[in-house]
Amino acid sequence: MATGGGEDGCTNILSKYDALASSLPSSEKAIGDLRLRKYEGFWYLEHLLAPTLAMRDTFVARPTDIILATTPKSGTTWLKALVFCVVHRGRHAPADERHPLLSSSPHDAVPFLHSIYENHLSAPPGPLLEEMPSPRILAVHTPFTALPASVRESACRVVYLCRDPKDVLVSLYHYVDKIRPEGSGTMTPFAEAFDLFCDGVVAFGPMWDNMAGYWKESVARPEEVMFLRYEDLKEDTVGTVRRLAAFLGCPFTDEEEAEGSGAAAEIVALCSMDKMRSVQANRDGTHGNGGSCFKNSAFFRKGEVGDWKAHMTPEMARRLDAIVEEKLRGSGLSMIGNDP
């Protein structure tokens with residue numbers, strides 16, 4: 001990972017994070033042969049660990065910031081699109097034919113905070129972040145314990161979206177297969193990927209520990225941390241979008257809801273899987289850079305609840321459910337009972 005150049009002292013600072021990342025335990029195996037390293041109980045993609053540590057130590061949150069947190073393949077793209085539309089609906093009406101989400105990816109509209117750091121490792125990204133107008137909407141996959149202290153101290157809003165781990169694994173498996181570089185060999189057999197997932201060896205996992213951290217914060221600080229389930233979002237998308245707007249301090253007015261089909265419903269329609277999949281930027285555009293560059297279409301598959309049933313045996317499902325419930329025991333959070 002390049003760390004040269006930039007302002008005085010920058011090289012030494014960034015080298016510190018690279019040196020720490022390269023000294024940490026690595027996984028012998030991972031889904032799709034992704035390179036993972038373990039830090040403070042969580043597995044990180046190797047190329048994102050140094051940027052994540054730099055983010056943790058240097059990012060300065062504003063009270064107006066909105067942080068969207070998920071584990072990979074838990075509805076991240078959808079959440080980004082919905083929140084962007086809710087927050088910016090005064091400037092970009094959901095029915096506007098020139099809406100930004102009709103010409104660009106939700107991942108461009110709402111960048112990952114770790115990606116901003118990864119793309120600016122030759123110099124601190126502080127000036128770029130400072131230039132972003134409020135409210136800044138930024139996304140992370142990191143566990144709550146790895147977030148910058150300023151996120152909590154600033155009292156900014158955090159929205160966490162979780163999903164049935166069984167569906168997460170199936171979606172993640174297909175996603176990793178899609179984004180693998182050509183010539184990288186055969187994909188990890190699903191049975192082996194299942195075992196790795198059950199062992200918690202997955203990027204930004206173990207997933208249950210990631211969920212538990214944000215759940216605990218949402219119980220302690222419900223006005224600042226909102227915990228959502230993908231299954232609930234699918235069942236009542238319009239109602240959840242209204243809750244999101246209220247939590248983010250921009251509730252829908254009676255006038256907005258009285259116009260046409262209602263602003264919340266218009267946002268849901270704009271951010272639907274079929275609509276987003278039809279946008280050229282999501283069909284043909286790319287995400288990432290260098291060796292990790294891949295087509296945006298990889299972000300869009302089915303988005304269904306219960307798709308795991310086509311890929312797992314009942315025994316596998318019971319095993320994973322039991323692991324998750326045991327790991328979450330005593331937290332007050334349960335992932336059982338969300339299947340259709």
Side-chain angles (χ1 to χ4, degrees), residues 64-70 72-113 115-116 119 128 131-140 157 159 161 171 174-175 178-179 228 230 233-234 236-253 255-289 293-304:
T64 54
D65 283 345
I66 298 168
I67 307 296
L68 307 184
T70 59
K73 310 315 298 174
S74 295
T76 309
T77 307
W78 194 19
L79 181 64
K80 284 185 174 187
L82 290 170
V83 172
F84 179 86
C85 288
V86 166
V87 172
H88 294 298
R89 67 185 187 273
R91 188 189 317 170
H92 306 294
D96 188 347
E97 295 181 354
R98 296 171 297 177
H99 195 283
L101 290 186
L102 295 178
S103 59
S104 61
S105 163
H107 297 289
D108 293 327
V110 180
F112 283 109
L113 189 50
S115 293
I116 292 176
N119 295 335
L128 173 66
E131 291 172 2
M132 294 177 66
S134 295
R136 299 181 299 188
I137 311 175
L138 301 161
V140 297
R157 297 294 187 267
V159 179
L161 180 63
S171 182
H174 286 91
Y175 171 75
K178 282 185 179 180
I179 68 172
L228 296 175
Y230 183 88
L233 181 57
K234 287 283 288 187
D236 182 14
T237 312
V238 172
T240 304
V241 166
R242 290 184 180 127
R243 288 176 53 213
L244 266 170
F247 173 76
L248 296 173
C250 52
F252 293 97
T253 64
E255 291 76 13
E256 284 183 295
E257 289 293 69
E259 295 177 357
S261 57
E266 289 178 344
I267 286 174
V268 171
L270 175 61
C271 299
S272 69
M273 175 70 79
D274 289 342
K275 187 68 173 180
M276 287 194 293
R277 201 198 307 270
S278 70
V279 173
Q280 184 175 356
N282 294 328
R283 293 198 316 267
D284 305 322
T286 58
H287 180 80
N289 52 61
C293 184
F294 55 87
K295 294 188 70 171
N296 284 331
S297 57
F299 290 114
F300 302 91
R301 185 173 162 265
K302 292 184 177 181
E304 296 177 355

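Fair warning: this is a prediction, and the values are worked out from it, not measured in the lab.
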Novice: Measuring only between side-chain heavy atoms, which start at C-beta, is V268 closer than 4.5 Å to V238?
Specialist: yes
Novice: Can you name the closest pair of heavy atoms from A93 and H99 and give their distance?
Specialist: O-CD2, 3.4 Å
Novice: For R136, give me all partners under side-chain hydrogen bond (donor to acceptor under 3.5 Å, both in side chains), at least two apart in sequence or on another chain.
Specialist: D65
Novice: Do T77 and H107 come within less than 4.5 Å of each other through their side chains, counting heavy atoms only?
Specialist: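 With C-beta onward as the side chain, the pair touches.
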Novice: Less than 4.5 Å apart, side chain to side chain, heavy atoms only: is that true for F247 and L228?
Specialist: no
Novice: I'd like to check the side chain to side chain contact (heavy atoms under 4.5 Å, CB included) partners of A69; sequence neighbours left out, ordered by chain and number.
Specialist: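 Side chain to side chain contact (heavy atoms under 4.5 Å, CB included) check on A69 returns V140, Y160, Y214.
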Novice: Taking atom CG of L161 and atom CH2 of W78, what is their separation to the nearest 0.5 Å?
Specialist: 8.5 Å
Novice: Who pairs with R243 by salt bridge (charged side-chain N to carboxylate O under 4.0 Å, His left out), at least two apart in sequence or on another chain?
Specialist: none
Novice: Once rounded to the nearest 0.5 Å, what's the spacing between atom CG of L101 and atom CG of D108?
Specialist: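 Here the interatomic distance stands at 10.0 Å.
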Novice: Looking at residues at least two apart in the chain, or sitting in another chain, which of them share a salt bridge (charged side-chain N to carboxylate O under 4.0 Å, His left out) with D236?
Specialist: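 With neighbours one apart ignored, the set is empty.
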Novice: The criterion is side chain to side chain contact (heavy atoms under 4.5 Å, CB included); which residues satisfy it with A95, sequence neighbours excluded?
Specialist: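 Residues passing side chain to side chain contact (heavy atoms under 4.5 Å, CB included) with A95: E266.
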Novice: Just wondering, do I137 and L68 contact through their side chains at under 4.5 Å, heavy atoms?
Specialist: yes
Novice: Tell me whether K73 forms a cation-pi arrangement with Y230, defined as NZ or CZ under 6.0 Å from the six-membered ring centre and within 45 degrees of its axis.
Specialist: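 Relative to the ring axis of Y230, which defines the angle, K73 lies outside at least one limit.
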Novice: Is there side-chain contact between D96 and L102, with at least one heavy-atom pair below 4.5 Å?
Specialist: no
Novice: Nearest 0.5 Å, please: how far is OG in S103 from CD in E97?
Specialist: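 With rounding to 0.5 Å, CD (E97) is 12.5 Å from OG (S103).
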Novice: Do the non-hydrogen side-chain atoms of T76 and F112 ever get within less than 4.5 Å of each other?
Specialist: yes
Novice: Crowded around K234 NZ? As in, over 12 foreign heavy atoms under 6.0 Å?
Specialist: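 Yes.
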Novice: Write down the atom of M276, the atom of P106, and the distance for their closest heavy-atom approach.
Specialist: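 In this case the closest contact between M276 and P106 is SD-CG, 3.9 Å.
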Novice: Is there side-chain contact between V110 and L79, with at least one heavy-atom pair below 4.5 Å?
Specialist: no
Novice: What pairs of donor and acceptor atoms, side-chain ones from residues 82-91 against any protein atom, are under 3.5 angstrom apart with sequence neighbours left out?
Specialist:
| from | atom 1 | to | atom 2 | distance (Å) |
| --- | --- | --- | --- | --- |
| R89 | NE | E256 | OE1 | 3.4 |
| R89 | NE | E256 | OE2 | 2.6 |
| R89 | NH1 | V86 | O | 2.7 |
| R89 | NH1 | C250 | O | 3.1 |
| R89 | NH2 | C250 | O | 2.8 |
| R89 | NH2 | P251 | O | 3.0 |
| R89 | NH2 | E256 | OE1 | 3.2 |

Novice: Could you give the distance from OG (S134) to CD1 (I66), rounded to the nearest 0.5 Å?
Specialist: 10.0 Å
Novice: Enter the distance from T237:OG1 to L244:CG here, rounded to the nearest 0.5 Å.
Specialist: 11.0 Å
Novice: Considering all heavy atoms of both residues, which atom of K80 and which atom of P111 are nearest to each other, and what is their separation?
Specialist: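 For K80 and P111, the tightest heavy-atom pair comes out as NZ-C, 4.3 Å.
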Novice: Cation-pi check, R242 to F252: give yes when NZ or CZ is under 6.0 Å from the six-membered ring centre and within 45° of the ring axis, no otherwise.
Specialist: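 No.
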